[in-house]
Amino acid sequence: VRCQQYPPLRALQASAVLRRASDEHKKEPLTSSSQQHFDSPPADHQPEPQEPQGPHPSYTGQGGQESEDYESEEQLQHRILTAALEFVPQHGWTAEAIAEGAKTLGLSVAAAGMFQRDGSELILHFVSECNTKLSKLLEKEQKLVQLGEAEKKPIDEFLRDAVEARLRMLIPYIEKWPQALSVLLLPRNIPSSLSLLTSMIDDIWHYAGDQSTDFNWYTRRAVLTGIYNTTELVMMQDSSPGFEDTWRFLENRVADAMAMSNTASQVQSTGEAVVQGLMGAAVTVSNAGCKSRI
Amino acid sequence: AHGPEMHFGFQTVTEEERREKIYQVFENVAKKYDVMNDSMTLGIHRLWKDILMHKMNPCPGTLLLDVAGGTGDIAFRFINYVRAVRQRQLQRKLKHQQNLSWQEIFESYQKDKFNSLGDSQVVVCDINREMLKVGKQKAQHLGYSEGLSWVLGNAEELPFDDDKFDVYTIAFGIRNVTRIDLALQEAYRVLKPGGRFLCLEFSRVSNPLLSRLYDLYSFQVIPVLGEVIAGDWKSYQYLVESIRQFPPQEELKAMIEDAGFFKVDYENLNFGIVAIHSGFKL
């Protein structure tokens, strides 16, 4: 709807940093011109339409179409956070890392003020990027299988490889990862971190294909989440070369899960057998007791 | 020369007259400015300024422009803050470098000893000579010398080049600027891309009960304090009137956005008695 209205009086000078999509490959900021900036931010961002005051220059923008090419603030924030990742091993998941990242983009260190001080946004951004990378990887593998260029992996190998690939993305940041985990567990971050985790797990199951297991949907999620989380914790404390202890742990956990699925159907019949056995034992004992009393 | 009609407190004056009158006000109050701040706000203004600094969270190497910075409150806090951050940085660096030779330790100590601010700098700019004078005296008295400079200048026409500063602050000053839109444009101009604009100013109290109490205190108590402590009723009458004439939070936010700033937001302190507006040059 906003596109149809006369664009609001906003940022009559060209933005200093937000780039046009076409300028993606150039590094220079825009030269000034009277182009209107318009992005699709939440409603509170736009000022109420008001009469221009006194010497305020009249609007001479060139219409709304061009402005949609501008990068939005969110995209700029993503760029800054991505640039900041390079400095995490040194500074941790902090505002300092973000400030350094902003510097590499040619921005002032004060731009780090756009983000929260505890680095929550940086960590969530990283997790989301890793999940995206994982999705792409799994999709690629799936294509190869569909084209017949690769073998379809058995379910336990698939899960193992997917979790390993995802955890390997943590390796460059492994020293500071415990700090990140504790931030992700802060009450205000839990909704976001939980939703990122579950969507990643769901993704892996999606690409695992419909290889039949006896798991139903909820148990599948819970089982893989458990495997992922425990392996992640083991990885934090693993000092073996190439994290081989972690991958062995992962292998065992996945094997356990597979065994469990087989047991699940057996458990029911076993359960009945056990109950009967107990009943029998109880009867025997009471008989024996009665007999001894006689 | 007659210019457009403006407000000076509750009076109506021309632009020229307004500038003159405001200059007079601050010339008169300069010597007692800090004392009056403490008595009017019961010392709470110190907390407001601390909160502003905390929000800014400057890292060492930041270049700050404090406009209407007069007696240096923000500037001194900035210096303390970056010094503390720098200390912690150096301590962390030292912890990680346990295996240095004596020569290396000596060299790094030399280098860092003379860089306790980490190249941070603050420029205090004020239009009023008297206020700057008081500020310089205070700095000398409190022992602030490194990383601090004092410049006489008008917020509507800053004597600085484009894209120079990381942070621009104006604490309790923008209310006294005659052409706020020009000041905001100048702020935009002198900030680096990615730089931050921070404004600490009296604002609108929306809670009606509190608003009544606040009005009562403002109009009955403050000018009296002004007369008793500073011997100047009229200046403090101007002060409380100018607070009422100043645009409320949302309107100021719109003006800041009009100047070209992004991610403009404000935080109310004490229910809106004071508000911190923040924007970024993106």
Side-chain angles (χ1 to χ4, degrees), chain A residues 8-19 28-30 32 37 39 41 44-50 52-57 70-77 79-80 90-92 94-118, chain B residues 3-4 6 15 54-65 85 88-89 92-93 96 118-120 162-169 179-182 185 188-189 191-198 247 250-265 278-282:
Chain A
L9 238 58
R10 174 92 175 81
L12 293 180
Q13 54 233 80
S15 157
V17 177
L18 296 180
R19 307 191 295 208
E28 289 89 48
L30 299 157
S32 75
H37 171 75
D39 55 340
D44 65 351
H45 202 75
Q46 301 289 348
E48 299 92 83
Q50 43 180 273
Q53 295 128 351
H56 209 58
Y70 279 67
E71 160 180 70
S72 75
E73 291 153 34
E74 266 148 46
Q75 288 171 317
L76 176 67
Q77 286 186 290
R79 275 202 297 139
I80 296 177
Q90 188 190 1
H91 292 283
T94 58
E96 275 150 5
I98 301 178
E100 292 290 325
K103 253 204 307 204
T104 58
L105 293 180
L107 295 175
S108 156
V109 289
M114 284 194 282
F115 306 98
Q116 305 208 317
R117 296 166 71 109
D118 58 8
Chain B
M6 306 221 82
E15 231 177 79
H54 182 83
K55 195 176 169 87
M56 193 197 299
N57 191 19
C59 55
T62 300
L63 199 51
L64 170 66
L65 174 64
V85 173
R88 266 182 283 144
Q89 261 182 4
R92 262 199 312 242
K93 228 168 55 164
H96 284 203
D119 298 323
S120 322
D162 300 2
D163 302 333
K164 279 216 76 177
F165 295 97
D166 292 303
V167 186
Y168 173 111
T169 51
R179 290 286 306 280
I180 296 180
D181 54 338
L182 291 184
Q185 283 171 29
Y188 189 88
R189 181 180 69 78
L191 277 175
K192 285 187 202 162
R196 190 174 196 181
F197 169 87
L198 283 167
E250 282 294 327
E251 212 179 301
L252 182 60
K253 175 176 167 189
M255 291 170 82
I256 297 174
E257 284 171 345
D258 282 344
F261 289 100
F262 286 92
K263 292 200 76 69
V264 180
D265 204 9
S278 160
F280 290 88
K281 175 174 176 173
L282 293 182

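The structure presented is a predicted model; accordingly, all values stated were derived computationally and were not measured. Letters go in sequence order (proteins before strands), and every chain restarts at 1.
B:Lys55 NZ to A:Arg117 CZ: the interatomic distance, rounded to the nearest 0.5 Å, is 10.5 Å. Note that SG of B:Cys59 is 9.5 Å distant from NE2 of A:His91, once rounded to the nearest 0.5 Å.
Heavy-atom distances place the side chain of A:Gln77, and not its backbone, under 4.5 Å from chain B. No part of A:Ala102 comes within reach of chain B, as not one of its non-hydrogen atoms sits under 4.5 angstrom from that chain.
The shortest heavy-atom contact between A:Glu73 and B:Phe262 is OE2-CD2, 3.0 Å. Contact detail for A:Val109 and B:Asp166: the closest heavy-atom pair is N-OD1, 3.9 Å.
Taking the charged nitrogens against the carboxylate oxygens, B:Arg88 and A:Glu96 have no contact shorter than 4.0 Å, which rules out a salt bridge.
Here the side chain of B:Arg196 pairs no donor or acceptor atom with the backbone of A:Ser108 at under 3.5 angstrom.
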